[in-house]
Engineer: 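Pasting a structure here, questions to come.
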Amino acid sequence: MRKQIVAGNWKMNKNLSEGQALVADVLAGMPLLSENKIVVLAPAFLNIPETAKQLSGVAHVFCGAQNVHHEMNGAYTGEVSPTMLQAAGAEYVLIGHSERREYNGEHDALLVKKMNAALSVGLKPIFCCGEALEIRDANQQNDFVAAQIQAGLFHLSAADISQVAIAYEPIWAIGTGRTASAAQAQEMHAHIRATVASHFGSEIANEMSILYGGSCKPGNAAEIFAGADVDGGLIGGAALKADEFLGIVSAMVAK
Ligand code: PEP
């Protein structure tokens, strides 16, 4: 059965003590989760060991990272490797977030290396894709997103793709307060699932969690998550406030 997931991407926010407090507040109000309704918290690298410690023994809530390097060790100043993340307690990792594609020049070939490295140590990637506004305005979003998925994921084995979730995040909706409509989200998620099915088959595609990201809030989460192919969300801004994040988690649990 495919998992519903709400993942919080804290981005470059929350120092250690602020992060500790946020995790404690989130855990205090967490609704009942299950094996197929889970939560991931992805703080900055420095917070990962403490977040993982706070989550140890908590069922169905996992620690994630926002990025990973593609080598296990070596002369890569400032980088953090898959084995380091794993040792620190991360179980999930975002790969290909649009902010990293834009500000850090992360291109398809690099993302392939990151996917392979993360999967090789058992980290579960959340692969991010999504189009810029000019691509949507030109009505080319379907081809664009399918190309991102093909470039980033089609080389994987059946065993590896089964460990991957996809987050569809239209760039025009990230941090802008402008969300995709529920219909736009569902349409794209169905297209993403069909794209995965075209290469890996419908059984694998039907098992894959496809999350929506982009200005998701407690007030719009239930409507967006209601889409048959929308399996929860990747949450930025609203993940920084426990009550807002918990409102979104509740919408996922209620689906
Ligand atoms: C994100 O960057 O992953 C995101 C979805 O951000 P926001 O919720 O703030 O739009």
Side-chain angles (χ1 to χ4, degrees), residues 3-14 18-19 22 26 38-45 47-48 51 62-68 90 92-106 111 114-115 118 123-133 135-136 141 144-145 148-149 152 164-182 184-186 188-189 192 209-225 227 229-252:
K3 283 184 170 49
Q4 305 290 307
I5 305 172
V6 167
N9 171 14
W10 293 6
K11 310 194 186 191
M12 197 172 70
N13 295 293
K14 304 291 178 189
E18 292 165 346
L22 178 55
V26 165
I38 69 165
V39 167
V40 176
L41 301 178
F45 284 143
N47 290 37
I48 287 176
T51 299
F62 302 94
C63 184
Q66 300 170 20
N67 177 36
V68 66
Y92 286 78
V93 60
L94 305 183
I95 292 183
H97 191 283
S98 60
E99 288 157 10
R100 293 209 58 87
R101 291 180 193 253
E102 183 178 350
Y103 306 138
N104 300 81
E106 294 197 358
L111 299 180
K114 289 182 184 238
M115 289 295 299
L123 287 169
K124 294 188 174 77
I126 300 176
F127 180 80
C128 303
C129 58
E131 79 286 355
L133 188 56
I135 292 171
R136 172 131 319 235
Q141 66 273 11
F144 183 86
V145 169
Q148 285 183 318
I149 290 168
V164 175
I166 293 177
Y168 168 59
E169 301 203 301
I171 295 169
W172 45 272
I174 294 181
T176 59
R178 178 181 168 185
T179 48
S181 68
Q184 284 173 322
Q186 167 53 28
M188 178 57 85
H189 283 226
I192 290 171
S209 304
I210 306 176
L211 319 185
Y212 169 79
S215 299
C216 206
K217 303 272 181 272
N220 60 27
E223 193 188 352
I224 294 171
F225 295 171
D229 290 291
V230 182
D231 308 310
L234 177 56
I235 315 303
L240 299 174
K241 294 192 182 130
D243 56 341
E244 290 194 15
F245 187 66
L246 288 167
I248 296 169
V249 173
S250 297
M252 179 269 288

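Remember, it's a predicted structure, so these values are computed and weren't measured experimentally. Throughout, numbering of the chain's residues begins at 1 and tracks the sequence. Counting starts at 1 for both ligands and their atoms, in listed order.
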Engineer: Considering the heavy atoms of S215, write down every atom of ligand 1 situated less than 4.0 Å from one of them.
Structural biologist: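 Answer for ligand 1: 7 (P), 8 (O), 10 (O).
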
Engineer: Keeping E244 on the side-chain end and P218 on the backbone end, is there a donor-acceptor pair under 3.5 Å?
Structural biologist: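 Looks like no, no N/O pair under 3.5 Å.
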
Engineer: Counting only nitrogen or oxygen atoms and a 3.5 angstrom limit, does I174 reach ligand 1?
Structural biologist: no

Engineer: Note the single closest protein heavy atom to atom 5 (C) of ligand 1, along with its residue, its atom name and the distance in Å.
Structural biologist: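 The closest heavy atom on the protein side is E169 OE2, 3.0 Å.
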
Engineer: Below 4.0 angstrom from a heavy atom of G213, which ligand 1 atoms are there? Numbered from 1 as shown, please.
Structural biologist: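 What qualifies from ligand 1 is 5 (C).
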
Engineer: With heavy-atom distances below 4.0 Å as the criterion, list the atoms of ligand 1 near G175.
Structural biologist: 7 (P), 9 (O), 10 (O)

Engineer: Hey, are the side chains of P43 and L22 touching, using non-hydrogen atoms and a 4.5 Å cut-off?
Structural biologist: no

Engineer: Does ligand 1 have an atom that lies less than 4.0 angstrom from a heavy atom of A238?
Structural biologist: no

Engineer: What atoms in ligand 1 come closer than 4.0 Å to a heavy atom of G214?
Structural biologist: 5 (C), 10 (O)

Engineer: Closer than 4.0 Å to some heavy atom of A173 - which atoms of ligand 1 meet that?
Structural biologist: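 Going through ligand 1 atom by atom, the ones under 4.0 Å from A173 are 10 (O).
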
Engineer: Is T176 in polar range of ligand 1, meaning some N or O pair under 3.5 Å apart?
Structural biologist: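 No: no nitrogen or oxygen of T176 is under 3.5 Å from one in ligand 1.
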
Engineer: Tell me the protein heavy atom at minimum distance from atom 2 (O) of ligand 1, and give that distance in Å.
Structural biologist: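 Of the protein heavy atoms, K11 NZ, 2.5 Å lies nearest.
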
Engineer: Check whether any side-chain N or O of Y92 sits under 3.5 Å from a backbone N or O of L94 as a donor-acceptor pair, and report yes or no.
Structural biologist: no

Engineer: Say you draw a straight line from CZ of R136 to CH2 of W172; how long is it, rounded to the nearest 0.5 Å?
Structural biologist: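 Answer rounded to 0.5 Å: 5.0 Å.
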
Engineer: Numbering the atoms of ligand 1 from 1, which are under 4.0 Å from a heavy atom of N9?
Structural biologist: 2 (O), 3 (O)

Engineer: With no hydrogens and no angle check, is any side-chain donor or acceptor of Q66 less than 3.5 Å from a backbone partner on K11?
Structural biologist: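 Yes, Q66 side chain to K11 backbone: donor-acceptor pair under 3.5 Å.
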
Engineer: Purely on distance, is any nitrogen or oxygen of G236 under 3.5 Å from one on ligand 1?
Structural biologist: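 N/O-N/O distance under 3.5 Å: yes.
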
Engineer: Could you tell me the separation between the NZ atom of K217 and the CD1 atom of I235, rounded to the nearest 0.5 Å?
Structural biologist: 8.5 Å

Engineer: How close does the nearest protein non-hydrogen atom get to atom 9 (O) of ligand 1, and which residue and atom is it?
Structural biologist: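 Here the nearest protein heavy atom works out to G237 N, 2.8 Å.
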
Engineer: Go through ligand 1 atom by atom and flag the ones less than 4.0 Å from a non-hydrogen atom of L234.
Structural biologist: 3 (O), 5 (C)

Engineer: N67 versus E106: any side-chain heavy-atom pair under 4.5 Å?
Structural biologist: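 Yes, their side chains come closer than 4.5 Å.
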
Engineer: So, taking the atom named CD1 in I166 and the one named CD1 in I192, what distance separates them when rounded to the nearest 0.5 Å?
Structural biologist: 6.0 Å

Engineer: Would you say ligand 1 has an N or O under 3.5 Å from any N or O of I235?
Structural biologist: no

